[in-house]
Amino acid sequence: MNSYLRKFEECFVSKPWLMFFYICIVFHIVMRSIRELVDVEFYAYGSILLILFFAIPNILIVAKLIQQYRKHRLDHLRSLFKLTLIAHTLAFFPFVCLYSLPSLFDYPIVSNDVAAAFLLTLPIIYLYMLMTRMLFDVDFIVNRFIYHALLAIVPSALMAILGMWVARSGGQNGIEGIRMFLLFYFLLVITLFVKESMDRRVKNKLNGRLDISDSFERFSHKVSRVMKCSDLEKVLEQEINSSLPVLDMAFFDLDIHQTEVMIDKLRMTERAEMASVLRKKMNLLAPGSLLTMSRGICLVIGKRQDSLYILWVDDKANHTRFNPDERNWLSTLANYSAIVYENLYLIEEIIVDLETEIQKHSHAPSWVLRLIFNLSENERRRLASDLHDSALQDQIIWLRRLETTIIDEKMSDGLRAELEQIREGLLDVIHQIRETCNELRPPLLMEMGLTQALEQLFVEAQTRTDYVVNFSTESIDGLLGDEQTLAIYRITQELLRNAAKHARASRVEIAIRLEEGILHYTYSDNGVGMEWSVAEDSFSHMGISGIKERVRSFEGSFDWHSQLGKGLFAVIRLPIRS
């Protein structure tokens with residue numbers, strides 16, 4: 001044990017302890033020789049001493065292993081000491097506790113042959129530890145054994161009682177055999193029925209920290225918000241790191257011509273070996289496949305013609321192999337990720353096709369523009385939700401804690417005034433976040449209707465700026481589709497922003513009317529205006545190009561005019577899409 005632990009820079013026992021164990025072994029040999037060769041009166045006492053000097057060192061070894069296991073129960077040597085502790089206990093417990101010690105009272109529980117057979121556990125386990133690079137997952141094996149041991153207690157006791165009853169009752173013509181079969185069969189049916197309930201209540205508690213159902217639920221929630229392959233990689237890495245003690249992981253692409261994988265963590269020979277194994281099986285691999293390598297495992301996340309997109313997961317930090325539950329869990333994660341990756345890949349291809357189409361026609365078709373604006377609105381809604389659910393809520397929590405501290409704690413007037421200033425600053429930040437959320441996701445736009453939503457927008461805009469908005473409209477609620485309603489709202493936001501930032505206007509007039517299935521939107525302000533030559537250069541900067549593209553996405557028209565000192569005038573015409 002001392003020699004084996006040197007490669008982990010760990011000392012099991014000191015030299016005095018080793019000397020004590022060697023003395024016990026020498027004493028054991030001497031007493032054994034005397035027992036075999038000399039027939040003297042102290043033979044009986046020698047037998048007792050032999051048993052004691054055999055039992056005491058092994059009990060001390062188990063105690064020392066328990067001490068080391070407690071010391072390393074939270075680090076990477078936990079599984080090693082747990083395995084050796086189980087090996088020593090299993091090897092010596094029957095001989096010491098079931099044969100040697102009971103023999104002192106002339107009542108051994110098992111024979112010495114049966115007890116000695118368990119000693120073979122020790123050389124088998126040590127030979128396995130010396131020859132293998134990674135141990136089997138001892139926690140997984142022990143927990144499964146405990147689970148099945150608990151499950152077997154009641155049926156074993158009932159079978160023993162029933163067997164004794166059948167044996168005493170006797171019977172003729174094989175009747176007792178049929179009776180025992182029926183009783184045991186009924187008992188096993190009941191046991192398997194109860195097992196379903198125990199699977200849910202007991203098995204999950206024994207399986208350690210890898211809760212598969214919670215993991216999949218958490219992963220599916222995160223992956224539903226993924227927009228890029230890099231985001232998918234981050235989510236997958238976070239999920240694996242939070243559930244398994246792995247040393248490292250890396251994503252890489254591999255095609256049929258590559259001679260080594262691009263993983264810096266691996267040595268050159270390991271890179272070449274991994275690439276060779278993957279190339280040989282490339283035609284057989286499908287997304288979600290799991291392959292065990294000489295170091296770590298590879299998960300196939302996606303496949304593009306002759307190229308594989310692979311996640312390499314390094315060995316576990318506790319020097320154990322991946323158990324069946326962990327392998328199934330990783331394979332299922334890879335399958336989930338493969339579906340998302342395939343969709344992201346298709347989206348990338350669509351975007352490339354759209355860009356090619358736009359380059360061919362110099363202007364994007366209206367349906368392409370509408371698609372882009374829809375994607376943009378979805379992203380705005382997601383960002384607003386993230387801000388509201390995370391940053392805003394955190395700010396409110398810190399504000400409440402600060403207010404409680406100001407009220408409850410005793411402090412100097414200067415410190416209280418400083419904290420009050422911080423409180424006012426937090427309130428301003430909270431207000432700004434709420435305003436940003438409202439701009440990103442117009443509150444109750446579809447529920448309130450366009451007219452009421454615009455009136456609310458004008459009230460908020462006038463509280464922040466110096467201009468006055470005159471708004472006139474006909475009854476248009478319910479006549480526009482959701483996309484057009486949102487488009488008019490966004491156009492109005494951009495025009496008001498331009499009036500405050502660039503035009504420095506004091507009066508804004510907006511009118512909306514319907515005429516023969518066409519919506520006419522008129523805007524004017526008394527801002528500083530600009531020369532037409534300058535306007536062309538400022539076209540994009542003022543946001544007017546975005547308005548024009550949004551209008552063109554609905555096959556509408558946008559005309560605008562501006563002169564220096566005479567403000568801005570714009571007319572938008574949209575065909576109604578109810």
Side-chain angles (χ1 to χ4, degrees), residues 7-8 76 79 129-137 219 223 226-324 326-349 351-352:
K7 65 179 181 180
F8 300 106
H76 64 283
S79 297
M129 290 168 62
L130 290 169
M131 294 182 64
T132 187
R133 191 177 65 86
M134 300 295 294
L135 303 175
F136 61 82
D137 193 339
F219 180 73
V223 85
V226 163
M227 300 297 290
K228 298 180 292 185
C229 287
S230 58
D231 295 337
L232 174 62
E233 292 177 2
K234 290 178 183 178
V235 170
L236 197 52
E237 284 183 1
Q238 290 173 358
E239 189 58 40
I240 294 176
N241 279 323
S242 66
S243 302
L244 290 180
V246 297
L247 294 171
D248 200 2
M249 66 183 75
F251 290 87
F252 65 91
D253 289 297
L254 181 76
D255 60 42
I256 199 168
H257 303 295
Q258 273 184 250
T259 57
E260 65 176 41
V261 298
M262 297 296 105
I263 302 176
D264 296 335
K265 186 81 174 179
L266 299 177
R267 297 190 297 270
M268 293 292 293
T269 54
E270 291 174 328
R271 296 182 194 178
E273 179 188 357
M274 187 178 296
S276 176
V277 172
L278 291 171
R279 283 201 315 272
K280 291 177 182 177
K281 299 183 178 181
M282 185 170 287
N283 294 331
L284 303 176
L285 295 177
S289 301
L290 183 148
L291 279 81
T292 302
M293 300 293 165
S294 58
R295 178 176 174 181
I297 59 175
C298 285
L299 298 169
V300 181
I301 305 299
K303 194 170 185 179
R304 299 184 183 181
Q305 299 174 353
D306 294 332
S307 177
L308 292 177
Y309 180 57
I310 296 174
L311 168 61
W312 170 73
V313 181
D314 201 354
D315 292 330
K316 292 198 291 183
N318 57 7
H319 307 288
T320 62
R321 295 194 185 98
F322 292 94
N323 64 52
E326 291 168 346
R327 293 170 63 87
N328 291 335
W329 173 73
L330 286 170
S331 182
T332 307
L333 279 184
N335 275 303
Y336 282 9
S337 302
I339 297 171
V340 178
Y341 173 77
E342 191 70 24
N343 289 329
L344 293 175
Y345 178 53
L346 290 174
I347 290 172
E348 289 178 1
E349 287 187 330
I351 291 174
V352 171

Does any non-hydrogen side-chain atom of [Y] lie less than 4.5 Å from one of [X]?
{"X": "Leu278", "Y": "Leu285", "value": "yes"}
{"X": "Glu260", "Y": "Met262", "value": "yes"}
{"X": "Phe322", "Y": "Thr292", "value": "no"}

For [Y], is there any backbone N or O sitting under 3.5 Å from a side-chain donor or acceptor partner on [X]?
{"X": "Arg271", "Y": "Ile263", "result": "yes"}
{"X": "Lys303", "Y": "Ala338", "result": "no"}
{"X": "Thr332", "Y": "Asn328", "result": "yes"}
{"X": "Glu237", "Y": "Lys234", "result": "no"}

Please name the residue in the list Asp314, Leu236, Leu311 that meets the side-chain contact (heavy atoms from CB on, under 4.5 Å) test with Met249.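 Of Asp314, Leu236, Leu311, side-chain contact (heavy atoms from CB on, under 4.5 Å) with Met249 is met by Leu311 alone.
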Looking at Glu270, Met293, Met274, which one forms a side-chain contact (heavy atoms from CB on, under 4.5 Å) with Val261? Met274
With rounding to the nearest 0.5 angstrom, report the [atom1] to [atom2] distance, [X] to [Y].
{"X": "Leu308", "Y": "Ser289", "atom1": "CG", "atom2": "OG", "answer": "9.0 Å"}
{"X": "Ile240", "Y": "Trp329", "atom1": "CD1", "atom2": "CH2", "answer": "5.5 Å"}
{"X": "Leu299", "Y": "Asn335", "atom1": "CG", "atom2": "CG", "answer": "9.5 Å"}
{"X": "Cys298", "Y": "Phe252", "atom1": "SG", "atom2": "CZ", "answer": "4.5 Å"}
{"X": "Ile301", "Y": "Ser337", "atom1": "CD1", "atom2": "OG", "answer": "5.0 Å"}
{"X": "Asp248", "Y": "Asn241", "atom1": "CG", "atom2": "CG", "answer": "8.5 Å"}

Nearest heavy-atom neighbours spanning [X] and [Y]:
{"X": "Arg327", "Y": "Leu290", "result": "NH2-CD2, 3.3 Å"}
{"X": "Ala334", "Y": "Gly288", "result": "CB-CA, 3.8 Å"}
{"X": "Thr259", "Y": "Arg279", "result": "CA-NH1, 3.5 Å"}
{"X": "Gly296", "Y": "Trp312", "result": "CA-NE1, 4.1 Å"}
{"X": "Cys229", "Y": "Leu344", "result": "N-CD1, 3.8 Å"}

Residues Leu254, Met282; criterion side-chain contact (heavy atoms from CB on, under 4.5 Å); working and verdict: CA-CA 9 Å; Leu254 181 76; Met282 185 170 287; 4.1 Å; yes
